[in-house]
There are 2 protein chains.
Amino acid sequence: MDSRKLLVDTMSELMWERGYSDTSPRDVRERSGVGQGSMYHHFPTKRDLALAALERNVDDLVPAGSELDGPGDPMARIEAYLMRPRDVLKGCKVGRMTQDPQVREDPALLAPVSRAFAQAHANLVGVLREAIAARELRDDLNPEQLAHTLMAVLQGGYVLAIAQQDPGPFDDARAGAIDLLRAASPSVLNQERN
Amino acid sequence: MDSRKLLVDTMSELMWERGYSDTSPRDVRERSGVGQGSMYHHFPTKRDLALAALERNVDDLVPAGSELDGPGDPMARIEAYLMRPRDVLKGCKVGRMTQDPQVREDPALLAPVSRAFAQAHANLVGVLREAIAARELRDDLNPEQLAHTLMAVLQGGYVLAIAQQDPGPFDDARAGAIDLLRAASPSVLNQERN
DNA sequence: GTCTATACCGTGATAGAC
DNA sequence: GTCTATCACGGTATAGAC
């Protein structure tokens, strides 16, 4: 129906599955069924199509962090965010882009990726601060650093899982992170001091 | 001098910088100065050269874990391993391969990557066990999971840093991980119980 | 907006002489 | 082992009709 939307949808999928460099205009045409003429009418270059697809893929990631804004204890929300089911062996549609040389070298393509991670970081920092305020986490922990740690656990978990072609390492990584977070609750001793 | 070695060296560099798909035989020839004939004499296909280069790149990573076998407290060795200086914005020459579709789909190319991470995991598990035995870490933590967590922090740290074109998120991620590890030492209360 | 035809270039080789 | 020449193919468009 709407060729333009079809093209963006298809490019989004392909960029998730194969990245940018390794996805050709021909791949997009064949999967979408949109003809050559239409394609270049809507998007003068492959890069233009990729930009549209990328904006879409990063937008998918923002509501994906909705566990963080929900109700419940801050720590419970953080754990829910980490434990949300994910398509582990496909990897992260946003993080993947950082390993594509043609994306890395193109500030315009990298920009949406950068924004998405910055947004995720800000959300996580907020909940971590709440957790500290609620005495669920020690107050000597740095929320900015810790947010990057947790994001890295997820992004790196994908890498390890794909290397083994097994989601196990991803699940291990996040379970270990949660154990550490729980171990970092203010100790009974400290609570008695206050 | 030795064309074969020159080719492997050059391919190793290029695969670190640009991955496999995006590195062409021409790139290798031009950077190495080795001629077309020599190249295809030593390596019948690009994939053969990549296999040799990959074996070499993963071998670079094993001695890189030598901090783990050194002297000193187990926890100090883990921290030294995490804090070792790294070329953050270039990323990990092994982890990078997992995002290349042509590597992902080729079991022979993925195998060295898988082995390298499995080895790193085994080494980390060993030191984490020592840390628990030395009462530097709580004994209710799972060393297998935790090892994957720490590896993921590094691998994911690269992703975040490249996205921002700034090593900051990588440094945050590992600093946060170390803070969590320290917070997971057996509490005074627990120590008194034993 | 969509179609078909055409074009140019880089990739990933192969061929055969030296 | 190394050199130069050649090649088939896919990637990434452009041209112009409908």
Side-chain angles (χ1 to χ4, degrees), chain A residues 1-56 96-97 99-110, chain B residues 1-56 96-97 99-110:
Chain A
M1 330 162 8
D2 185 351
S3 289
R4 189 187 171 88
K5 186 171 168 356
L6 239 175
L7 286 166
V8 175
D9 285 0
T10 305
M11 186 63 169
S12 299
E13 287 175 19
L14 285 167
M15 285 180 79
W16 188 9
E17 293 169 19
R18 313 192 47 77
Y20 173 66
S21 305
D22 231 56
T23 296
S24 73
R26 173 184 300 238
D27 294 334
V28 180
R29 279 198 301 105
E30 286 178 353
R31 185 179 291 194
S32 67
V34 174
Q36 175 84 338
S38 306
M39 173 153 179
Y40 280 98
H41 170 71
H42 292 292
F43 298 98
T45 71
K46 170 185 167 183
R47 181 169 171 276
D48 291 314
L49 176 53
L51 270 169
L54 196 47
E55 293 291 350
R56 198 198 143 75
R96 187 191 221 305
M97 296 298 122
Q99 304 304 315
D100 192 314
Q102 295 186 32
V103 173
R104 246 167 147 133
E105 289 163 6
D106 186 332
L109 286 173
L110 203 49
Chain B
M1 328 162 9
D2 186 350
S3 287
R4 189 186 172 88
K5 185 170 171 351
L6 239 175
L7 287 166
V8 175
D9 285 0
T10 305
M11 187 63 170
S12 299
E13 288 175 18
L14 285 167
M15 286 181 77
W16 188 8
E17 293 169 20
R18 311 193 48 77
Y20 174 65
S21 305
D22 231 56
T23 295
S24 74
R26 176 187 297 239
D27 294 335
V28 180
R29 278 198 301 103
E30 287 178 352
R31 184 179 292 194
S32 66
V34 174
Q36 176 85 335
S38 306
M39 173 153 179
Y40 280 98
H41 169 73
H42 292 292
F43 298 98
T45 70
K46 170 185 167 181
R47 180 170 171 276
D48 291 313
L49 176 53
L51 269 169
L54 196 47
E55 293 291 352
R56 196 198 145 76
R96 186 191 222 304
M97 296 298 121
Q99 305 304 316
D100 192 314
Q102 296 186 34
V103 172
R104 245 166 147 133
E105 289 162 7
D106 186 332
L109 285 174
L110 203 49

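Values below: every heavy atom of this structure, side chains too, minus hydrogens, waters and symmetry copies. Here is the naming used below: chain letters follow the sequence lines, and residue numbers restart at 1 for every chain. Computed from a predicted structure; not experimentally measured.
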**Item:** Closest to side chain of A/His42, choosing from C/dA13, D/dA13, C/dG1
**Value:** C/dG1

**Request:** Provide, to the nearest angstrom, the distance between the CZ atom belonging to B/Arg29 and the P atom belonging to C/dA13.
**Result:** 13 Å

**Message:** I'd like to know if A/Glu17 and A/Arg31 make a salt bridge, using a cut-off of under 4.0 Å between side-chain N and carboxylate O.
**Reply:** yes

**Message:** Counting only side-chain nitrogens and oxygens, does B/Arg26 get under 4.0 Å of the OP1 or OP2 atom of C/dG10?
**Reply:** no

**Item:** For atom NE2 of B/His41 and atom C1' of C/dA17, their distance in whole Å
**Value:** 16 Å

**Asked** Would one find a side-chain N or O of A/Ser38 under 4.0 angstrom from OP1 or OP2 of C/dC3?
**Response** yes

**Prompt:** Can you check the A/Leu14 CG to D/dT12 C1' distance for me, whole Å?
**Reply:** 16 Å

**Message:** When you measure from the side-chain N and O atoms of B/Ser3 to the phosphate of D/dT2, is any distance below 4.0 Å, counting only OP1 and OP2?
**Reply:** yes

**Request:** Nearest whole angstrom, please: distance from the P of C/dG16 to the OH of B/Tyr40.
**Result:** 17 Å

**Prompt:** Where is the tightest heavy-atom contact between A/Arg96 and B/Gln99, given as atom of each residue plus distance?
**Reply:** NH1-O, 2.8 Å

**Atom-pair distance (CG on A/Leu7; C1' on D/dA13), nearest Å** = 15 Å

**For atom CE of A/Met39 and atom C1' of D/dG11, their distance in whole Å** = 11 Å

**Prompt:** Taking the side chain of A/Gln36 as its heavy atoms from C-beta onward, which of C/dT11, D/dT14, C/dT2 lies nearest to it?
**Reply:** D/dT14

**Over-ring placement of A/Lys46 relative to A/Tyr40, 6.0 Å and 45° cut-offs** = no

**Asked** B/Ser24 side chain: which of D/dT12, D/dT2, C/dT11 is closest?
**Response** C/dT11

